[in-house]
Each structure stands twice: as C-alpha cells, then as structure tokens.
Asker: 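Below you will find the structure I want to go over with you.
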There are 2 protein chains.
Amino acid sequence: MSIQHLGATTSSDSLRNRKRAATRLSIRRAAIELGLEHGYEHVTVDMICSASKISPRTFFNYFGSKEGVYASPNRAMPSEQRRRTFVESNNSGVFDDLFTLIADSLVEVDSNLELFQARRQLIHETPELLHKEKSRISELEETYVGYVLERYRFQGRNNAKTPDLADEAHLVVALVSGAMRFAMQKWVADNFSTTPEELVRNTSALVHRIASNEHWP
Amino acid sequence: MSIQHLGATTSSDSLRNRKRAATRLSIRRAAIELGLEHGYEHVTVDMICSASKISPRTFFNYFGSKEGVYASPNRAMPSEQRRRTFVESNNSGVFDDLFTLIADSLVEVDSNLELFQARRQLIHETPELLHKEKSRISELEETYVGYVLERYRFQGRNNAKTPDLADEAHLVVALVSGAMRFAMQKWVADNFSTTPEELVRNTSALVHRIASNEHWP
DNA sequence: AGCATAAGTGCAGTTCCTGCAAATATGCAG
DNA sequence: CTGCATATTTGCAGGAACTGCACTTATGCT
C-alpha cells in the first residue's frame with residue numbers, strides 16, 4: 001500500500017466521497033421537501049426512500065434515524081482561533097462574549113441557503129424536531145463551561161478564592177443558552193430577515209435592559 | 001339517572017377511581033424499578049406489563065407511550081393565588097420573583113417521596129428522558145410569558161412606551177428557564193440534599209455575582 | 001483485468017404504538 | 001340479589017421505526 005494510495009483514498013473529493021455527499025444531499029432534500037408538504041409525522045422513511053431512490057436500509061446507514069435526516073449538518077464548534085480570543089478577551093463581560101461566540105459558530109450557514117432555510121422552517125413548525133435541535137445545542141454546553149472556566153483562570157480567578165467557580169461557569173452557560181434559544185426562536189419567527197449581527201445586538205440590549213430593571217448591585 | 005348517581009360516579013374516591021390510581025401507581029413503580037435495574041433502553045413495555053400484571057394494551061391506555069410512564073405526574077402550574085402575588089409584587093426584580101414562582105410550583109412533591117426520588121435518579125441518568133422532561137417544562141413557557149406581561153402592564157408599562165415589551169418578556173422567561181435548568185441539575189447532582197429554599201437562594205446569589213461582573217449599567 | 005475495500009441492498013426480526021371489537025368488571029336501580 | 005348501563009381491560013391485526021447479518025454491486029487501485 002503506497003503513500004499515493006493512502007493519499008487518494010483519504011482525499012475528501014474522491015469520486016466515492018463526492019458521490020456519497022451527493023446521495024446524502026439528495027436524501028435530505030427529498031426528506032425536507034416531503035416534510036414541508038405533508039408534515040413531519042406523516043412522512044415515512046419509505047416515502048423518503050422512494051423519492052430519493054435508495055433502499056430503507058441505506059437510509060438508516062446514512063442518518064441512523066428518521067429524525068437524523070432533519071438534523072443540522074454543522075459541527076457548530078468554534079474554531080481554535082475564536083476560542084483563544086474568547087478566553088483572553090477582557091473587553092466586555094463573559095455573558096456578552098460567550099453569547100457572541102456561540103452565535104458566530106451557529107451561523108456558519110449551510111452551503112445551500114435554500115435548503116438551509118427550508119429545513120429551518122420545517123423545524124420551526126415541528127415541535128418534536130425543535131426540541132431535538134435544542135438538545136443537540138445543549139450537548140455542547142459542557143464544552144462552553146470549559147471555555148468559561150479557562151477564561152476565569154486567565155483572569156486570575158481560581159477555586160481557592162471562589163470555591164463555587166464551576167457552578168458560576170455552569171450558570172453563565174445556562175443563562176446564555178436561554179438567551180440563545182430566545183434569539184433563535186425570534187430569528188425563525190422573523191423569517192431570517194434580520195442579520196445575525198443585528199440579532200445579537202438586539203438581544204444584548206434587551207438583556208441589559210432587563211438587568212437594569214432588577215435591583216441588583 | 002339521579003343526582004345521587006351522578007355524584008357517585010364523579011366522586012374522586014369511588015372504588016373505580018381508587019382502583020385506577022392504584023393500578024397507575026403500580027405500573028409506574030414497576031417501570032421505574034426495572035429502569036433503575038436494567039437501564040431505560042433495555043426495559044421493554046412487555047417487561048413492565050408482566051411485572052405489573054396488565055396487558056400491553058392497557059399500558060398504552062394509561063400512559064400513551066413508553067416514555068409517558070416516566071413523566072412527571074404533576075401539573076406544575078402555579079395556583080391562582082401565587083399568580084396574583086407574582087403579578088402584583090413589587091418587592092424584587094422580575095427575574096428573582098419569576099424564578100421563585102417556578103421553583104415553588106415544581107417542588108410540590110409527589111405523594112410518594114421514595115418513588116419521586118427514584119424517578120428523579122432514573123431521569124438524571126437517562127439523557128433521553130432528561131430531554132423530554134426539559135421540553136415538558138418549556139411547554140409552560142408561554143404561560144409564564146403571559147404572567148410577566150401581566151406584571152409589566154400592572155406596573156404601567158405597555159406597547160406604546162415599549163414596543164418590544166413582548167420580546168422582553170420572552171427573554172426574561174428564557175433566562176429564568178436557563179437558571180432553572182442549572183438549579184435542577186445541581187439538585188439531582190447533590191442527591192436532593194439541599195432544600196429548595198437554599199437552592200433558590202444560592203442560585204440567585206450566583207446570578208447577582210455574574211451580573212455584577214458584567215459591565216452593565 | 002483482477003482484487004481489496006467500500007457502499008448499497010434484502011430480509012428476518014424486535015419494539016413501540018394504534019384502531020377496533022370483544023370480553024370483563026363495576027355500581028346503581030329495581 | 002339480579003340485571004343493565006357504563007367503564008375498564010384485553011386480544012388481535014397491522015403499521016412504522018430501527019437493527020444485525022449476509023450478500024451483491026461499485027470503486028479505485030495495481
């Protein structure tokens with residue numbers, strides 16, 4: 001087995017990989033189209049399969065479950081670059097910085113904008129899928145807790161001075177997640193008309209207003 | 001059909017109703033016991049049925065789904081009394097008041113404490129059930145948004161002065177939900193050792209600390 | 001062209017869940 | 001106590017999601 005060989009089979013645009021990607025896309029396209037037409041619960045995987053001309057077994061090889069075909073195809077993880085910026089930033093509060101970080105990583109839009117929006121709409125009108133999407137996001141929460149802790153440590157805070165530092169980090173992430181859910185919901189409700197930047201700005205402003213109405217120190 | 005008759009059949013402790021409640025309880029007991037023993041995904045409804053000596057069809061008559069048997073049996077809606085107090089209160093900020101309101105309504109413990117804790121533990125160690133529980137809670141969010149808006153109006157705020165008042169209410173609820181998820185997670189992690197009051201106090205204190213570290217007005 | 005590997009398929013079987021109709025239990029009237 | 005209306009439980013047939021396994025087909029080298 002030569003180096004050539006290795007290079008060829010692992011290259012991301014071999015015939016095989018391109019074909020795989022194309023099949024994957026056509027299945028998702030069919031699934032979303034059928035979903036918007038008949039509603040999620042009235043679409044069977046057999047329908048998706050005949051529409052995209054594959055066997056049910058292949059469908060499950062690709063997506064693992066019926067819901068899987070409607071899941072976000074993004075990794076949604078911030079780049080190392082962004083992570084460092086967040087950890088070492090001191091410009092603004094954790095809340096705003098983390099909110100922006102997550103927003104940026106969510107907004108790396110699908111290659112296909114049309115499909116992306118169709119998918120969003122379907123998810124929006126299907127509570128079951130909406131819940132799944134939410135839990136997918138919250139699975140990353142532990143990662144973000146780690147980032148926040150790194151940032152705290154970078155600022156010189158530690159467990160000796162603040163015994164419940166981990167709790168504080170968890171709560172920050174939980175609060176930001178709440179704000180994020182609000183923002184995303186508003187985004188789909190507005191039919192994606194606002195830019196992510198505006199959205200972030202508006203939400204931040206609202207948070208500030210709420211905070212200033214509390215009797216907090 | 002006499003009034004006597006009507007009174008008897010609708011009374012909540014007729015033989016029928018008591019029997020129903022007993023069956024319901026015994027099914028749940030069996031399901032949770034099996035869940036803790038084998039893990040949620042390795043429990044089939046047939047197993048639950050033979051353990052509680054009913055037919056599968058009856059199981060679905062009672063709970064509608066396998067997950068249903070593990071769902072919280074509480075309504076988790078605040079009483080009218082509490083609602084009014086929240087709407088008309090002016091002591092503290094919305095955030096703290098809403099957080100307390102929701103916490104109180106969640107904590108009306110099950111009649112059977114042992115079963116309640118067993119259920120909590122099982123949910124805690126079963127991501128799928130945990131997510132379901134979360135979405136069940138978030139279905140009440142619209143109700144809470146209504147409460148917050150009522151409170152705003154009671155304080156003399158309205159859409160004329162604040163066009164995005166509804167957005168503000170939604171965001172408040174989203175933020176409180178985040179804090180609530182944190183608190184509940186901590187509660188199960190601590191094995192229910194802290195009292196709900198402590199939990200609320202600790203979480204509030206953390207929120208205040210976080211807020212004071214932000215550069216908010 | 002031949003061959004190793006990857007991708008796709010067929011099929012049998014499990015589990016969750018539903019509709020429908022039949023069997024059974026309950027509680028009241030007479 | 002007996003019968004009757006109503007509530008509860010059950011059996012059965014079947015649909016849909018999903019998995020494991022063995023088998024065929026396609027791909028990309030040499």
Side-chain angles (χ1 to χ4, degrees), chain A residues 1-28 30-31 34-35 38-71 126 128-129 132, chain B residues 1-28 30-31 34-35 38-71 126 128-129 132:
Chain A
M1 195 178 271
S2 70
I3 292 196
Q4 277 285 348
H5 181 157
L6 279 170
T9 52
T10 57
S11 81
S12 66
D13 60 344
S14 65
L15 207 184
R16 254 177 195 165
N17 286 18
R18 270 180 287 131
K19 216 172 166 179
R20 232 182 126 69
T23 307
R24 185 173 264 282
L25 185 63
S26 84
I27 299 175
R28 296 201 341 152
L34 286 168
H38 302 111
Y40 172 72
E41 66 271 26
H42 297 120
V43 176
T44 69
V45 332
D46 281 352
M47 287 165 69
I48 301 174
C49 290
S50 28
S52 52
K53 292 188 262 276
I54 50 151
S55 77
R57 197 63 188 77
T58 298
F59 176 89
F60 286 105
N61 281 345
Y62 271 89
F63 297 102
S65 73
K66 179 183 167 185
E67 283 175 352
V69 77
Y70 297 107
T126 310
E128 194 181 340
L129 291 179
K132 274 286 162 182
Chain B
M1 194 180 270
S2 69
I3 292 196
Q4 276 286 347
H5 182 157
L6 278 171
T9 52
T10 56
S11 83
S12 66
D13 60 343
S14 66
L15 207 184
R16 256 178 192 162
N17 286 19
R18 269 180 288 131
K19 213 171 169 180
R20 236 182 122 70
T23 307
R24 183 173 268 279
L25 185 63
S26 85
I27 299 175
R28 296 201 342 155
L34 287 168
H38 302 110
Y40 173 73
E41 67 271 28
H42 297 120
V43 176
T44 69
V45 331
D46 281 353
M47 287 164 68
I48 301 173
C49 290
S50 27
S52 52
K53 291 187 262 271
I54 49 149
S55 78
R57 197 61 189 78
T58 299
F59 176 89
F60 286 105
N61 281 345
Y62 271 89
F63 297 102
S65 73
K66 179 184 167 184
E67 283 175 353
V69 78
Y70 297 107
T126 311
E128 193 180 339
L129 291 179
K132 275 286 163 184

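The sequence lines fix the lettering, A, B, ..., with proteins before strands; numbering per chain opens at 1.
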Asker: Can you list, by residue number, the residues of residues 41-49 of chain A that have a non-hydrogen atom closer than 4.0 angstrom to DNA chain C?
Answerer: none

Asker: If each of A:Phe59 and B:Glu67 is mapped to the nucleotide of DNA chain C with the nearest heavy atom, which maps nearer the 5' terminus, i.e. the 5' end?
Answerer: A:Phe59

Asker: Can you measure A:Arg18 atom CZ to C:dA7 atom P for me and round it to whole angstrom units?
Answerer: 14 Å

Asker: Between C1' on C:dG8 and CD1 on A:Ile27, what's the gap in Å once rounded to a whole number?
Answerer: 11 Å

Asker: What is the distance, to the nearest angstrom, from the CZ atom on A:Phe63 to the P atom on C:dG8?
Answerer: 11 Å

Asker: Look at the side chain of B:Arg57 against the base of D:dT9 and say whether a donor-acceptor pair falls under 3.5 Å; ignore hydrogens and angles.
Answerer: no

Asker: Could you measure the distance from the CG atom of A:Asp46 to the CZ atom of A:Phe59? Nearest 0.5 Å is fine.
Answerer: 10.0 Å

Asker: May I ask you to check whether B:Phe63 and B:Tyr70 place their ring centres under 6.0 Å from each other?
Answerer: no

Asker: May I ask you to test the B:Glu41-B:Glu128 pair for a side-chain heavy-atom distance under 4.5 Å?
Answerer: no

Asker: Verify the contact: side-chain N or O of B:Tyr62 to OP1 or OP2 of D:dT8, cut-off strictly under 4.0 Å; return yes or no.
Answerer: no

Asker: Assuming nearest nucleotide by heavy-atom distance, tell me which of B:Pro56 and B:Lys19 is located more 5' along DNA chain C.
Answerer: B:Pro56

Asker: How close or far is atom P of D:dG11 from atom CG of B:Asn61, stated in whole angstroms?
Answerer: 12 Å

Asker: Measure NE2/B:His38 against P/C:dT15 and give the value in whole Å, please.
Answerer: 14 Å

Asker: For B:Cys49 and B:Pro56, work out which heavy atoms get closest and say how close.
Answerer: SG-CA, 3.4 Å

Asker: Could you state the atom-to-atom distance from NZ of B:Lys66 to P of D:dC18 in whole Å?
Answerer: 13 Å

Asker: For a quick test of reading the model: is some side-chain N or O of B:Arg20 closer than 4.0 Å to OP1 or OP2 of D:dT9?
Answerer: yes

Asker: Just by distance, no angles: are the side chains of B:Thr23 and B:Ser26 close enough, under 3.5 Å, to form a donor-acceptor pair?
Answerer: no

Asker: Figure out the CZ/P separation between A:Arg16 and C:dA4, and round it to whole Å.
Answerer: 14 Å

Asker: Testing the basics here: between A:Val43 and A:Leu34, what is the closest heavy-atom pair and its distance to 0.1 Å?
Answerer: CG2-O, 3.5 Å

Asker: What integer distance in Å separates A:Asn17:CG from D:dT27:P?
Answerer: 13 Å

Asker: Are A:Thr58 and C:dT9 close enough that a side-chain N or O sits under 4.0 Å from OP1 or OP2?
Answerer: yes

Asker: Within 45° of the axis and under 6.0 Å from the centre of the six-membered ring of B:Tyr40, does NZ or CZ of B:Lys66 qualify?
Answerer: yes

